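Quick caveat: nothing in here was measured; it's all calculated off a predicted structure.
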Amino acid sequence: MQDDATEVTAAGIARLAGVGRAAVSNWRRRHADFPRPVGGTETSPSFALAEVESWLRKQGKLAEVPLRERVWQQLSGHPDGPVTALTHAGCVLLLIHDRPPVWLEVSAGSDERLAETLPGVLREVFTPRFGPESAVNTTAAVNTENGAKAQSAANAAAPHTVNPALPATPHPALPATPHPAVHTPTGAELLPSVPLLRGVAELAAELGARQTFEFLLGRHLDANPRQYTLTPADLAGLMADLAGPARTVLDPACGTGALLRAAATRPDQKLYAQDSAPELAALTTLRLALHTWSTVRGATGDTLRADAHPQLRADAVLCHPPFNERNWGHDELAYDPRWEYGFPARTESELAWVQHALARLKDGGAGVLLMPPAAASRRSGRRIRADLLRRGALRAVIALPVGAAPPYNIPLHLWVLRRPERAPAQPEVLLVDVGQFAGEGRGGPDWRAVREAVLDAWQAFGRPGRFTERPGLARALPVIDLLDDDVDLAPARHLPPPTAADGAEQLTAVRERLGETLRLTADLTAPRTGSAHPARWPLTTVGELARGGALMLRTGGNGGHARVPVLTDHDVLSGSDPSGTLPESEEEAVLTEPGDVVVPVLGGGSVARVIDETTRGAALGRNLVLLRPDPAALDPWFLAGFLRGTANNRQASSYASTATRLDVRRLQLPRLPLDEQRRYGERFRVLDEFERALRHAGRLGEQLVRGMYDGLTDGTVAPD
């Protein structure tokens, strides 16, 4: 499966050998036989993977390139770019998934025969899965209408550009008519990819076809974080649950397919996807086909200007549309029949997406859209909002916590739509605000609490009878009460505060917990210590201990199994529970065990965390190193305590213009007998408990102060 044309960068060489970039630079200077660059630029050269692998093995720096890494390097160094390589890989993985004997037959011959034979067998798979249009090669037409390939790649994130504070980027030249997202590649297009495809098939034999594609796609997204804005899996699941069971589901701005994957729960479904970025539309269509046996109809094109599914009447529409888009087609689409509720202003692109979703729903069908909070209150959209309310098309507005989705500093909204079957007798709209479930720092919201609160309120709203108001959380408001000059739908402006009794009781409980924590803090305060001369212990390093078998050293991964909590570097720094996620893949995650010591490697600071029962079983996130000491040789608290020494961290750190990186292998600790280690370890454990008590007291103090201010200002707390 080796491909002599595959190139690898210095960063890729470092990854292959398990070293830093500086080591690769040193090898280039010190070894005259180091492979010469074959491409790239003077500042970022690339090298032939085969030559690099041979040199590393000859130097004893590499026993064997892992199959996953070899395939990834071939994909990332593909002469036509990683997106083309990933698309070709997805096509073959779908063939392996659907018809494995056919792949075994066509791959038995030469590379040339495989490239020549593949298009025909791919057509046989694509036609029933994607429709007859996919059997036609449309690459040239799409590229001509889109301009250059580079233009579409630069605008890969356009369907999910979600920062309302930034001006929107104009669309690239888009197809006048939509095209199928996946087409059958020609033999000439496939020939450069054949070595990669053989490696992908070998990897699929280990992991499975779907898991292999998820691994490669996850690695690609992770390597290009600024090109793609992802919809978090928890949010996608909540949106799918709000829409309810559906046989036909549309996402008109599908991105990487998170929403349709969340909705795909049964084999008899039909999934419709469209995206203005051709590469995203193709990758998502292949991803969905590998994820489910549902019919998948993916298309490329600007949905508002060139709708690929104009006759569709879906059971559900899920959408994470682009925000703050000025060039959405205002001038060209003035008389479009989709504007049943009013012609959106140039600044109201989100309301154009809302009406597009309603136009593609059957009567009684449900739509759920992620919206910027400004769409609920901008004066330019008040007439459309009023008509949506009057006709019963807008059923709920849900304010999410800060950190639910990009941009993470803004509390986004969910709009729940229903295509009206008839005018409601007594129209009401559900307003929900779950901002109270925001997490700390970058940890993200408490999704379990968010999900329970939102779904409980939504289900209660749908039941016959009067909705029971939930102060501070949810309220069903008559539409007539919202039809004023502003038609402001922001939930926080209409929800009553918690009752006075509840507010006072909560503040009393917080005060009692703060008092208990402060007493505990006082008890844990370190006793007065006397002065002593600096100790002169014999020292060793983490690297030496790892080589001697006294501890095992592991680094955080780039993927893992779904639904495994991930311990992030922020969690370690803040002392909070695992809060992160990793791209779903079959890559084996590093799972924590009690007694492990976890150290962040970026950002500076002296931090080391000992894993306990509450954090066991979490996957190790990026920028973290895990040390697993042999309990017969090392006490974990002794290890963690000495790793936190300021001088120790300084001598083991390297400094760049924007970051500090810690070389964990260079961290030092004294050679002491195990009994002496445990004496130090017990003191370090007590210090850690004191530190956590201080942190908890600080959070309770902030909560008490905030509650007092809120209570005094809303009248639920008396000043006496």
Side-chain angles (χ1 to χ4, degrees), residues 15 18 66-69 72 203 206-208 210-219 221-222 230 232-234 237 439-444 446-448 542-543 545-547 549-602 607-640 643-644 662 664-665 667 681 685 688 692:
R15 192 179 189 122
L67 179 59
R68 297 184 192 203
E69 194 61 38
W72 167 249
L203 189 57
E206 288 186 8
L207 305 180
R210 181 183 70 83
Q211 293 85 349
T212 297
F213 189 73
E214 287 296 325
F215 162 70
L216 295 173
L217 177 62
R219 183 72 74 87
L221 297 176
D222 193 53
L230 308 181
D234 289 304
E440 297 180 5
R442 299 180 307 177
D446 181 349
W447 278 111
R448 187 172 185 176
V542 168
L545 291 169
R547 287 191 293 273
L551 59 80
M552 183 175 66
L553 189 148
R554 301 288 299 275
T555 57
N558 293 297
H561 298 286
R563 303 190 183 282
V564 176
V566 176
L567 187 69
T568 68
D569 53 349
H570 174 75
D571 299 331
V572 175
L573 292 169
S574 64
S576 55
D577 292 338
S579 64
T581 58
L582 288 173
E584 182 183 351
S585 76
E586 289 302 308
E587 182 175 345
E588 185 178 355
V590 179
L591 302 182
T592 59
E593 297 179 2
D596 291 344
V597 177
V598 178
V599 183
V601 297
L602 289 182
V607 179
R609 180 171 177 178
V610 179
I611 299 299
D612 56 19
E613 291 295 332
T614 62
T615 49
R616 70 178 302 174
L620 193 68
R622 293 183 287 269
N623 302 322
L624 291 175
V625 171
L626 179 145
L627 307 176
R628 182 165 294 161
D630 180 353
L634 279 175
D635 179 79
W637 286 105
F638 164 81
L639 173 64
L643 296 188
R644 292 191 60 172
L662 181 68
V664 176
R665 292 179 176 272
L667 287 169
R685 187 194 63 76
D688 180 80
R692 284 188 283 113

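When all heavy atoms of Pro629 and Gly595 are compared, the closest pair comes out as CD-O, 3.6 Å. Of all heavy-atom pairs spanning Asp569 and Pro600, the tightest one is CB-CB, 4.4 Å. Contact between Asp635 and Gly681 at its shortest, heavy atoms only, is OD2-CA, 3.6 Å. In terms of heavy atoms, Ala608 sits closest to Leu643 at CB-CB, 4.4 Å. In terms of heavy-atom proximity, Ala550 sits nearest to Leu634 at O-CD1, 3.9 Å.
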Inset, instruction - Would you sort out whether Arg554 and Leu627 count as a side-chain contact (heavy atoms from CB on, under 4.5 Å), showing the intermediate values? - result: CA-CA 7 Å; Arg554 301 288 299 275; Leu627 307 176; over 6 Å; no
Inset, instruction - Start with the C-alpha distance between Val625 and Leu553, add both sets of side-chain angles, then the distance that settles side-chain contact (heavy atoms from CB on, under 4.5 Å), and finish with yes or no. - result: CA-CA 7 Å; Val625 171; Leu553 189 148; 3.8 Å; yes
Inset, instruction - Start with the C-alpha gap between Asp222 and Arg622, add the side-chain angles, then the distance that decides, and say whether salt bridge (charged side-chain N to carboxylate O under 4.0 Å, His left out) holds. - result: CA-CA 11 Å; Asp222 193 53; Arg622 293 183 287 269; 3.4 Å; yes
Legend entry - Criterion side-chain contact (heavy atoms from CB on, under 4.5 Å) on Leu620 and Leu591, from CA distance to verdict: CA-CA 6 Å; Leu620 193 68; Leu591 302 182; over 6 Å; no
Inset, instruction - May I have the step-by-step check of side-chain contact (heavy atoms from CB on, under 4.5 Å) for Asp688 and Trp637, ending in yes or no? - result: CA-CA 9 Å; Asp688 180 80; Trp637 286 105; 3.6 Å; yes
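The shortest distance between side-chain heavy atoms of Leu567 and Arg609 falls below 4.5 Å. By the 4.5 Å heavy-atom criterion applied to side chains, Val572 and Val607 are counted as neighbours. Here the side chains of Leu624 and Thr555 are not in contact, with every heavy-atom distance at 4.5 Å or above.
Interatomic distance, Leu626 CG to Glu593 CD, rounded to the nearest 0.5 Å: 8.5 Å. One distance of note links CD of Gln211 with CG of Leu203; it measures 10.0 Å at 0.5 Å rounding. Rounding to the nearest 0.5 Å gives a distance of 10.5 Å between CD of Glu206 and CZ of Phe215. Separation of atoms CG (Asp571) and OG1 (Thr615) is listed at 10.0 Å; rounding is to 0.5 Å.
Between Glu214 and Arg219 there is no salt bridge, since no side-chain nitrogen of the basic residue lies less than 4.0 Å from a carboxylate oxygen of the acidic one. Between Arg616 and Asp596, no side-chain nitrogen of the basic residue sits less than 4.0 Å from a carboxylate oxygen of the acidic one, so the salt-bridge criterion is not met.
Put simply, the side chain of Thr212 gets close to the backbone of Gly208: a donor and an acceptor are under 3.5 Å apart. Remark: side-chain polar atoms of Thr592 are not paired, donor with acceptor, to backbone N or O of Ile611 under 3.5 angstrom.
Environment of CZ in Arg665: sparse, with no more than 12 heavy atoms of neighbouring residues, nucleotides or ligands closer than 6.0 Å.
Contacts of Arg547 classified as salt bridge (charged side-chain N to carboxylate O under 4.0 Å, His left out), with partners at least two apart in sequence or in another chain: none.
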